[in-house]
K.L.:
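Okay, handing you the structure first.
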2 protein chains.
Amino acid sequence: MNNRRTNGSKSAPALASPWRTSRERLRDRELKRDAVIRAAAREFNRKGYHNTSLDDIAAALEVTKPTVYYYVTSKEQLLFECFVAGVEQIRVAFREARQLPVPARGRLSAVLRHYGEAVASEFGWCMVRAEDQDLSPAMSRHIKSLKSEIDQGIRRLVREGLQDGSIEPCDPKMTAFALAGALNWIAHWYREDQSLTGAQIAAAFVTIFEGGLRPRRGSLRIESRARPRRRTRDALAR
Amino acid sequence: MNNRRTNGSKSAPALASPWRTSRERLRDRELKRDAVIRAAAREFNRKGYHNTSLDDIAAALEVTKPTVYYYVTSKEQLLFECFVAGVEQIRVAFREARQLPVPARGRLSAVLRHYGEAVASEFGWCMVRAEDQDLSPAMSRHIKSLKSEIDQGIRRLVREGLQDGSIEPCDPKMTAFALAGALNWIAHWYREDQSLTGAQIAAAFVTIFEGGLRPRRGSLRIESRARPRRRTRDALAR
DNA sequence: CGCCCATCATACTCGCCAGTATAGCATCCC
DNA sequence: GGGATGCTATACTGGCGAGTATGATGGGCG
């Protein structure tokens, strides 16, 4: 009867929503469910979990709330799914790194690079910011265990690096916290400043972590003509 | 009518609330106001901003909601005050560091140490997690400018370090993000794991940042598969 | 003593939002 | 064509929590 194809009236939004072109293939539940999750991730990312209503998410999909509930049982589950989607990327990173035929520091750096990319991805915010406090005890436990798994994975790589000599002596726990923290924090500012890709940021971070701030004797130093900062080089230079 | 003094039934909370002994000196508005802010900070820290009602805060002080509103105009302002309290600690750090007669890297490290302590303090969570999205546009702008000020301060120190040669060549912006991120993240896990003081954590982080993961030729290396011993101690020994 | 002001509690309002009841419409299969 | 089933909208409920109206209490001060 009615012409289903007349949806070209509006210019298409950046992200295609399966509903726009709907009516043709109605059997792609999974596709739509994914679209719901992604839309939720984008909204959470923009306004935060608590400031995003399910009506907002539905509106972003040009749909109404019950439709969202048709694919998902609760707002909490929505957050959880986004979290898992993000974490999965990182687990892959660990699996891949395990195969690399390089010292532990190299494997760690590879993980960190993927980690950074994941945090800068669309699920980054949800993964990083999923608060135990916002979730039911059951999900809270689940999320904590997943987070802990990643933390332990990093510590493990650091320990291996200590053993094979590819990493400078340090405390694995603190090191893991420092590394993960720096990367996690990307989720906070990347939204505002997308001048670099996630991969570029991650690469820059890895360089900083590996090299450290203190100049190395071997490194090419630009002995700047800037006025030499006289006196007591060693006071805090250690 | 009701005897307000019969509150000995419960064990006293860790922090004394001025209302407990009230009735004697009633002119210490500021003291009470501070107590409200601190109580808010503790509750936000425990349960998050959105999961904390003003009734909760009032209850923590053994008071009712209107009393809280007597000292503060809104929940938003409460968060803002906590934020400012935290930031102020960091601004002091910058001022103090400016006086130090050492190369820029030393001044930077000094700032970072204070920074870390501030994040681990009771206002740390509020300072770090105050979301622009949760606040009115006016306050959001205010908070952003304060945050930016700190960010610029760190970048500045990094640039100075590049010029006086005390810092390895790097991108100041990325470096500032990495450093601040690692420290900010402390607020996320410190609540759960208080096995170290803020100062210890900050010191450990600074050591990692300065040295980097890649072993230095000069440093004492445990060659190859020899079991590394005592790795934690020297990292924390500062 | 009686007024004023500071301080606080009881008891509301009011809007937002997660979640739901119900029903409409389409398609598929017989 | 007549269910059955998948998908979606309209229109509701119920609760929580920010903020407030009102009024009690009690001390300071003339």
Side-chain angles (χ1 to χ4, degrees), chain A residues 1-5 7 17-36 39-40 43-44 47-81 133-136 139, chain B residues 1-7 17-36 39-40 43-44 47-80 133-136 139:
Chain A
M1 287 305 188
N2 48 355
N3 181 352
R4 284 70 179 271
R5 283 292 172 65
N7 51 14
S17 123
W19 282 270
R20 280 319 251 315
T21 61
S22 71
R23 308 301 161 79
E24 4 259 284
R25 27 322 210 285
L26 298 180
R27 56 210 64 227
D28 34 20
R29 245 198 101 117
E30 284 309 306
L31 230 97
K32 292 188 182 177
R33 200 185 127 92
D34 272 10
V36 170
E43 294 303 304
F44 291 160
K47 304 186 298 186
Y49 179 69
H50 289 282
N51 299 316
T52 301
S53 75
L54 279 182
D55 283 306
D56 291 337
I57 298 173
L61 291 165
E62 295 175 1
V63 172
T64 57
K65 189 162 51 173
T67 302
V68 174
Y69 274 100
Y70 183 76
Y71 293 97
V72 142
T73 72
S74 70
K75 187 181 179 184
E76 182 182 358
Q77 192 201 1
L78 222 35
L79 178 58
F80 181 74
E81 300 271 5
Q133 319 144 346
D134 300 338
L135 299 164
S136 69
M139 291 224 165
Chain B
M1 280 305 193
N2 49 355
N3 182 351
R4 318 263 320 295
R5 281 291 174 65
T6 52
N7 51 17
S17 118
W19 283 270
R20 286 317 251 314
T21 61
S22 72
R23 304 303 158 78
E24 7 259 288
R25 33 315 213 291
L26 298 179
R27 57 208 61 232
D28 34 21
R29 247 199 100 115
E30 284 310 305
L31 228 98
K32 293 189 182 176
R33 202 185 126 92
D34 272 10
V36 171
E43 293 303 305
F44 291 160
K47 304 186 298 186
Y49 179 69
H50 289 282
N51 299 315
T52 301
S53 75
L54 279 182
D55 282 306
D56 291 337
I57 297 174
L61 290 166
E62 295 175 2
V63 174
T64 57
K65 190 163 51 174
T67 302
V68 174
Y69 274 100
Y70 183 75
Y71 293 98
V72 142
T73 72
S74 71
K75 188 181 179 183
E76 184 182 356
Q77 192 200 4
L78 220 36
L79 178 58
F80 181 73
Q133 319 145 344
D134 301 338
L135 299 165
S136 68
M139 291 223 166

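What you are looking at is a predicted structure, and each value in this text was computed from that prediction instead of being measured. Note on naming: letters A, B, ... go to the chains in the order of the sequence lines (proteins, then strands), and numbering restarts at 1 for each one.
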K.L.:
Please state whether the phosphate of D:dG17, meaning OP1 or OP2, lies under 4.0 angstrom from any side-chain nitrogen or oxygen of B:S53.
P.N.:
no
K.L.:
What's the CZ-C1' distance between B:R33 and C:dA6, to the nearest Å?
P.N.:
16 Å
K.L.:
Side chain of A:T64: nearest nucleotide among D:dA9, D:dT20, C:dC8?
P.N.:
D:dA9
K.L.:
Select one nucleotide: of D:dA9, D:dA18, C:dG19, the one nearest the side-chain heavy atoms of A:V63.
P.N.:
D:dA9
K.L.:
Using whole Å, report how far CZ of B:R29 lies from C1' of C:dC5.
P.N.:
12 Å
K.L.:
Rounded to the nearest angstrom, tell me the gap between atom CG in A:D55 and atom C1' in D:dA9.
P.N.:
12 Å
K.L.:
Quickly work out the B:N51 CG to D:dC16 P distance and round it to whole Å.
P.N.:
14 Å
K.L.:
State, with a plain yes or no, whether a side-chain heavy atom of A:R33 is found less than 4.5 Å away from one of A:E81.
P.N.:
yes
K.L.:
What is the distance from CG of A:L61 to C1' of D:dA9, rounded to the nearest Å?
P.N.:
15 Å
K.L.:
Calculate the interatomic distance between B:E76 atom CD and D:dG17 atom P; express it in whole Å.
P.N.:
18 Å
K.L.:
Check the phosphate of D:dT8 against A:T67, side-chain N and O only, distance under 4.0 Å to OP1 or OP2. Yes or no?
P.N.:
no
K.L.:
For A:T73, answer base if it contacts any base atom (sugar-phosphate contacts may also be present), sugar-phosphate if it contacts only those atoms, and nothing otherwise; contact means non-hydrogen atoms under 4.0 Å.
P.N.:
nothing
K.L.:
When you measure from the side chain of A:K75, which nucleotide among C:dA21, C:dA18, D:dT20 comes out closest?
P.N.:
C:dA18
K.L.:
To the nearest Å, how far apart are A:D134 CG and C:dA18 P?
P.N.:
13 Å
K.L.:
Any donor-acceptor pair under 3.5 Å between the side chain of A:K65 and the base of D:dA9?
P.N.:
no
K.L.:
Start with the C-alpha gap between A:T64 and A:D55, add the side-chain angles, then the distance that decides, and say whether side chain to side chain contact (heavy atoms under 4.5 Å, CB included) holds.
P.N.:
CA-CA 7 Å; A:T64 57; A:D55 283 306; over 6 Å; no
K.L.:
What is the distance, to the nearest angstrom, from the CD atom on A:E30 to the C1' atom on D:dC7?
P.N.:
15 Å
K.L.:
Using the side chain to side chain contact (heavy atoms under 4.5 Å, CB included) definition, which of the options B:V36, B:T67, B:D56 pairs with B:L61?
P.N.:
B:V36
K.L.:
Are any of A:Y69's side-chain N or O atoms less than 4.0 Å away from OP1 or OP2 of D:dC7?
P.N.:
no
K.L.:
Do A:N51 and A:F44 come within less than 4.5 Å of each other through their side chains, counting heavy atoms only?
P.N.:
no
K.L.:
Can B:K75 be said to sit on top of B:Y49's aromatic six-ring, NZ or CZ under 6.0 Å from centre and within 45° of the ring axis?
P.N.:
yes
K.L.:
Please determine whether a side-chain nitrogen or oxygen atom of B:Y70 lies at a distance below 4.0 Å from atom OP1 or OP2 of C:dT7.
P.N.:
yes
